[in-house]
Amino acid sequence: MDKFAQNIGPIGVFDSGFGGLSILREIRKTLPRYDYLFLGDNARAPYGNRSFDIVYQFTLQAVKYLFNQGCHLVILACNTASAKALRTIQQNDLPHIDSQRRVLGVIRPTVEALGNITRNGNIGLFGTPGTVMSRSYDIEIEHLFPQFHVYSHPCPMWVPLVENREADGDGADYFVKKDIDALTGQCGEIDTVILGCTHYPLLLSKIRRYMPQGISIVEQGPIVADSLQDYLRRHPEIDAKCSKGATCRYLTTDEPDKFSSLASVFVHEVVQARKVSL
Ligand code: DGL
């Protein structure tokens, strides 16, 4: 707990597994001067089918761990955790843990960006079963853009394909095509599809192959990166607590060599992850 008291520290980026790397990569492009500490709970991924309470407990453990490592700002680079745990952590836990620290999610910035993307307001959503069932996107979209229509479809196989390093395999083609057909079959007018899970950009080449022409695919990485940049501009008191040494460290709850080899390919640099227990 000694580092908890540090005045400045890296920005924490958390996901159940590899998916958060799709967010981290874009954040680092936009904000290269900052230090980052990525934590993937690969040993317990996927979170997508887990109950509200378990996702909340696991996410809170991860947030506390990152705070203990000196992070003052933690990004939940995970839609499932953003949907099921973010609000409770912000409202109930942070005031007790440390009211000066911040935890941000990925759903709100994604929804805010829709206004500049869709032409007809018919929005498709892919997400984990947990994210889709939570209706977090529907509620947020209804709030910001009540005139839009949301059509959602859960993809329970996509995260396991990524976590098991099968994203480039033939099996992935089958599931990606099947789920795209199921979503677009709900409404022929969908013009924008949100990839509402940070693992899904790791399947992007296959998603592009099977998505009907003319549909905009919303990737969260660049949107979350822009939103974080804006947040840090608006909150200089938080920005001042984020150290700026342009470093990035990786932690995983599973086998670090396996994590490092896939992560290195994805972030285009040598990754040497360290194993931690939450
Ligand atoms: N990458 C996460 C998300 O954005 C979690 C996926 C999972 O663990 O099921 O939802």
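Whatever order the structure lists them in is the order used to number ligands and atoms, beginning at 1.
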Verify whether one side chain among [X] and [Y] offers a donor that lies under 3.5 Å from an acceptor in the other.
X: Asp191; Y: Thr118; value: yes
X: Glu189; Y: His149; value: no
X: Asn42; Y: Glu255; value: no
X: Tyr47; Y: Asp41; value: yes
X: Asp179; Y: Tyr210; value: no

Please identify which atoms of ligand 1 are closer than 4.0 Å to at least one heavy atom of [X].
X: Pro46; result: 7 (C), 8 (O), 9 (O)
X: Cys78; result: 2 (C), 3 (C), 4 (O), 5 (C), 10 (O)
X: Thr128; result: 6 (C), 9 (O), 10 (O)
X: Asp15; result: 1 (N), 2 (C), 5 (C)
X: His199; result: 1 (N), 2 (C), 6 (C)

Could you see which bit of [X] sits under 4.0 Å from ligand 1, with heavy atoms only: side chain, backbone, both or neither?
X: Ser16; answer: side chain
X: Asn49; answer: neither
X: Val159; answer: side chain

Please determine if Lys84 forms a cation-pi arrangement with Tyr56, meaning its NZ or CZ atom is less than 6.0 Å from the six-membered ring centre and no more than 45° off the ring axis.
no
Protein contact of [atom] - nearest heavy atom, named by residue and atom, plus distance:
atom: atom 10 (O) of ligand 1; answer: Thr80 OG1, 2.7 Å
atom: atom 3 (C) of ligand 1; answer: Asn79 N, 3.2 Å
atom: atom 9 (O) of ligand 1; answer: Gly48 N, 2.7 Å
atom: atom 7 (C) of ligand 1; answer: Tyr47 N, 3.3 Å

May I ask you to test the Leu204-Leu195 pair for a side-chain heavy-atom distance under 4.5 Å?
yes
Do Leu114 and Ile194 make a side-chain contact, defined as non-hydrogen atoms from C-beta onward lying under 4.5 Å apart?
yes
Contact check: Thr131 vs ligand 1, nitrogen or oxygen atoms, below 3.5 angstrom:
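So ligand 1 has no N or O lying under 3.5 Å from an N or O of Thr131.
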Check: Phe266 ring centroid to Phe18 ring centroid under 6.0 Å
no
